[in-house]
A.B. asks: 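Before I ask anything, let me first share the structure, which is written out below as structure tokens.
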There are 2 protein chains.
Amino acid sequence: MNTQTLLKEFNLRNTLPRTCILDEFTKSSYALSHNDLENNLGNKFDRVTIYRTLKTFLENGILHKVLDDDGIVKYAICATHDCSHEQHSHSHVHFKCNFCGQTNCLNDIAIPNISLPKGYKFHETNVLINGICKDCNEG
Amino acid sequence: MNTQTLLKEFNLRNTLPRTCILDEFTKSSYALSHNDLENNLGNKFDRVTIYRTLKTFLENGILHKVLDDDGIVKYAICATHDCSHEQHSHSHVHFKCNFCGQTNCLNDIAIPNISLPKGYKFHETNVLINGICKDCNEG
DNA sequence: CTGTGTGCAAACACTTTGCAGGTGT
DNA sequence: ACACCTGCAAAGTGTTTGCACACAG
């Protein structure tokens, strides 16, 4: 999916910061924080613009937040394309490497069904697995 | 377990802020953020003291961090008592209510085994389930 | 041309650090 | 008595808001 068409699809204006930021996400195999983006993009854009772009993408369901175990908010592209502002569906597994710190989405792995106690209403499940990733393990 | 003895067990001094903060956690059925503590305790203690106390408790394995999907760091008591600085073992399920915002630990629910792709090394799993909790569902 | 997006400045919120004095053991 | 803990001040970091100008459609 082209970034240009993606933006158009969501009725968002095609601007340089937006396409560059989207490109970062499509290029990256792991979830990116605001800080990652700032580093990757040099000083090309204002820090505030990045915040606002992330927010816009979140609201439109282009990105989703990725859980992190030490409070750093990270984002990743919604791979399944049925996300919108109202309805996100990205119940999938995230793996965080304790060595390199990278978090990536293991889209192929299904989340097992967990039965909740009586009275609880299920909406979605997020799983964060910690460990050592493939690259760090081999290296 | 008494808070006094708990502190002694970890070679921590028995001070007012510590006992009060520990009490908050034993009283509460859900995970508490720094902000929650500040509110619950009035202005009894300095904000910095709360930060430092939380840090101390974390390092000693009295508390553990609870994942949250919007970046607010929350803490809960380590129910299983085999946590220490080096080795935490609290792979359990957290449930966050989208209505009241409270997150609690579902200690009874076991985490299903998820098999990782080849090359990945497992350490621990954190599960955060979103939905509507019992109280909000009935209310 | 219109309304949205960007950049800059500043405010705001959250967390950590340094230091002097107080307190538990 | 001593080491540790607390409170205050201040610095550091992360995020949001207001406003004027620029630019996409």
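Small disclaimer: the values here were computed from a predicted structure and weren't measured. Quick note on labels: first sequence line is chain A, next is B, and so on, each numbered from 1. Side chains included, hydrogens not; waters and symmetry mates left out as well; all remaining heavy atoms used.
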A.B. asks: Say you draw a straight line from CG of A:L54 to CD1 of A:I21; how long is it, rounded to the nearest 0.5 Å?
C.D. replies: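 A:L54 atom CG to A:I21 atom CD1 measures 6.0 Å (nearest 0.5 Å).
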
A.B. asks: Would you give the length of the straight line joining atom NZ of B:K55 to atom CG of B:N60, rounded to the nearest 0.5 angstrom?
C.D. replies: 12.5 Å

A.B. asks: Counting only side-chain nitrogens and oxygens, does B:T15 get under 4.0 Å of the OP1 or OP2 atom of D:dC4?
C.D. replies: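 Negative; the distance criterion is not met.
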
A.B. asks: Can you label the angle between the A:Y75 ring and the A:F25 ring as parallel, tilted or perpendicular, going by 30° and 60°?
C.D. replies: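 Answer is perpendicular, since the angle exceeds 60°.
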
A.B. asks: Checking side chain to side chain contact (heavy atoms under 4.5 Å, CB included) between B:Y120 and each of A:D135, A:I129, A:L106, which is the one that passes?
C.D. replies: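 Between B:Y120 and the candidates, side chain to side chain contact (heavy atoms under 4.5 Å, CB included) is satisfied uniquely by A:L106.
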
A.B. asks: How do A:T49 and B:Y51 order along DNA chain C: which one's closest nucleotide is nearer the 5' end?
C.D. replies: A:T49

A.B. asks: Could you pick out which residue, B:V48 or B:N11, lies toward the 5' side of DNA chain D when each is mapped onto its nearest nucleotide?
C.D. replies: B:N11

A.B. asks: I need the minimum non-hydrogen distance between A:C97 and A:C133, along with the two atoms involved.
C.D. replies: SG-N, 3.4 Å

A.B. asks: List the atom of A:K96, the atom of A:G101, and the distance in Å for their closest heavy-atom pair.
C.D. replies: CE-O, 4.0 Å

A.B. asks: Atom CZ of B:R18 to atom P of D:dC4: distance rounded to whole Å?
C.D. replies: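 The answer, rounded to whole Å, is 11 Å.
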
A.B. asks: Rounded to the nearest 0.5 Å, what's the gap from NZ on B:K74 to SG on B:C105? Could you check?
C.D. replies: 10.5 Å

A.B. asks: Which nucleotide span of DNA chain C, 5' end to 3' end, has atoms closer than 4.0 Å to non-hydrogen atoms of chain B?
C.D. replies: C:dC14 to C:dT25

A.B. asks: Ignoring hydrogens and angles, are the base of D:dC4 and the side chain of B:R13 linked by a donor-acceptor pair under 3.5 Å?
C.D. replies: yes

A.B. asks: What's the CG-C1' distance between B:L12 and D:dA3, to the nearest Å?
C.D. replies: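 Rounding to the nearest Å, CG of B:L12 and C1' of D:dA3 are 14 Å apart.
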
A.B. asks: With a 4.0 Å cut-off on heavy atoms, is B:R52 in touch with a base, just the backbone sugar-phosphate, or nothing at all?
C.D. replies: base

A.B. asks: Can you sort out which residues in residues 32-45 of chain A have a heavy atom within less than 4.0 Å of DNA chain C? Ascending by number, please.
C.D. replies: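 A:F45, in order of number.
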
A.B. asks: Rounded to the nearest angstrom, tell me the gap between atom CD1 in B:I21 and atom P in D:dC5.
C.D. replies: 13 Å

A.B. asks: Can you confirm whether A:D23 sits close enough to A:C20 that some side-chain heavy atom of one is under 4.5 Å from a side-chain heavy atom of the other?
C.D. replies: no

A.B. asks: Taking all non-hydrogen atoms of both residues, which atom of B:S33 and which atom of B:D36 are closest, and how far apart?
C.D. replies: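 Scanning both residues, the minimum pair turns out to be N-OD2, 2.9 Å.
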
A.B. asks: CG of A:L7 versus C1' of D:dG25: gap in Å, rounded?
C.D. replies: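 So the two atoms are 14 Å apart, to the nearest Å.
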
A.B. asks: By the 4.0 Å heavy-atom rule, please label A:D46 as base, sugar-phosphate, or nothing.
C.D. replies: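 Result for A:D46 = base.
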
